[in-house]
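One structure is given here, and the rest of the page talks about it.
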Amino acid sequence: MRLGVNIDHVATLRNARGEPYPDPAKAALEAVRGGADLITCHLRYDERHIRQSDLASIRAASPVLNFEIAVEEGALEIALDLQPDWVCLVPERREELTTEGGLNLSAVPQLETVVRKLREADIKVSLFVEADLSTLEIASQLGVDAVELHTGRYANLSGEQRDAELIRLRTAAARCHELGLGAHAGHGLTLDNVQDVASIPQLEELNIGHAIIADALFRGGLTQAVQDYKASMLQARRHLG
Ligand code: PXP
């Protein structure tokens, strides 16, 4: 299973003081040293964390880059120029603190064109979606390479509700496999809740940001924090052989 480390919040910290540090590209290098298989970053319309001026150095520091953008012409042009390995298309609401839900695939008219242009440029495409079976059918018809299942609800629930959400994620990942869609997951994952998600057999990749960057403060730095997350994920999959 691959670990994608989202470095957005290294830039959040930098931007809080208007200083040039900490540098998200340097964080990408540290994350890779700790075992990150890919680096993820999200360029938002307001550049509240990653800025366009960060992209070249992040690209250079990332063995595999997963670039999150909204389904929008300007962001598409930037992606085509950057040539990341993956683009993950996400919904973006201006007032939200973080990505709040999955894409509503039937409500984004430009989606088909954006997916086609990215794939023509040899960029793999994933769609950030809820673990909803009818959404997966539409994703499959769009011809994307993968979906990233939104784990935010799972992360915010507890007890029986969390168990039910985990079953929804399991069912969705199994359906992805049947449809030939890559299955990724992310949002709200922490060292305390990552193992149940990591143990879902069909999931190939987890993208984790905020908690890893926060844990880096208390777990001996970013490289060590990434190592701890990767070890925890792999431990959760030991029973899969
Ligand atoms: N995946 C996607 C598509 C996201 O938008 C985000 C948040 O930027 C993440 C994963 C990472 O979420 P978190 O920072 O809560 O780990």
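Heavy-atom basis, side chains included; hydrogens, waters and symmetry copies ignored. Since this is a predicted model, take the numbers as computed values, not measurements. Whatever order the structure lists ligands and atoms in, that order sets their numbers, starting from 1.
Checked against a 3.5 angstrom limit, the closest N/O atoms of Glu68 and ligand 1 fall inside it. Here's the thing with His42: none of its N/O atoms is less than 3.5 angstrom from an N/O atom of ligand 1. Considering backbone and side-chain atoms together, Asn207 places no N or O closer than 3.5 Å to any N or O of ligand 1. At least one N or O atom of Gly188, backbone or side chain, sits closer than 3.5 Å to an N or O atom of ligand 1. Distances between N or O atoms of Ile208 and those of ligand 1 include no value under 3.5 Å.
The aromatic rings of His150 and Phe128 lie parallel to each other, their planes meeting at an angle below 30°, with 60° marking the opposite boundary.
Nearest to atom 14 (O) of ligand 1 by heavy-atom distance, out of His210, Arg44, His150, is His210.
A 6.0 Å sphere centred on CD of Glu47 holds more than 12 heavy atoms belonging to other residues, nucleotides or ligands.
At a threshold of 4.0 Å, the pair Asp163-Arg168 does not count as salt-bridged, since none of the basic side-chain nitrogens sits closer than that to a carboxylate oxygen. One finds a salt bridge joining Lys230 and Asp37 here, because a Lys/Arg side-chain nitrogen approaches an Asp/Glu carboxylate oxygen to under 4.0 Å. Remark: Asp145 engages Arg119 in a salt bridge, criterion side-chain N to carboxylate O under 4.0 Å.
To the nearest 0.5 angstrom, Cys176 atom SG is 9.0 Å from Glu204 atom CD.
Near Val90, with a cut-off below 4.0 Å to any heavy atom, the atoms of ligand 1 are 3 (C). Applying the 4.0 Å criterion to heavy atoms of Asn6 picks out, from ligand 1, the atoms 8 (O).
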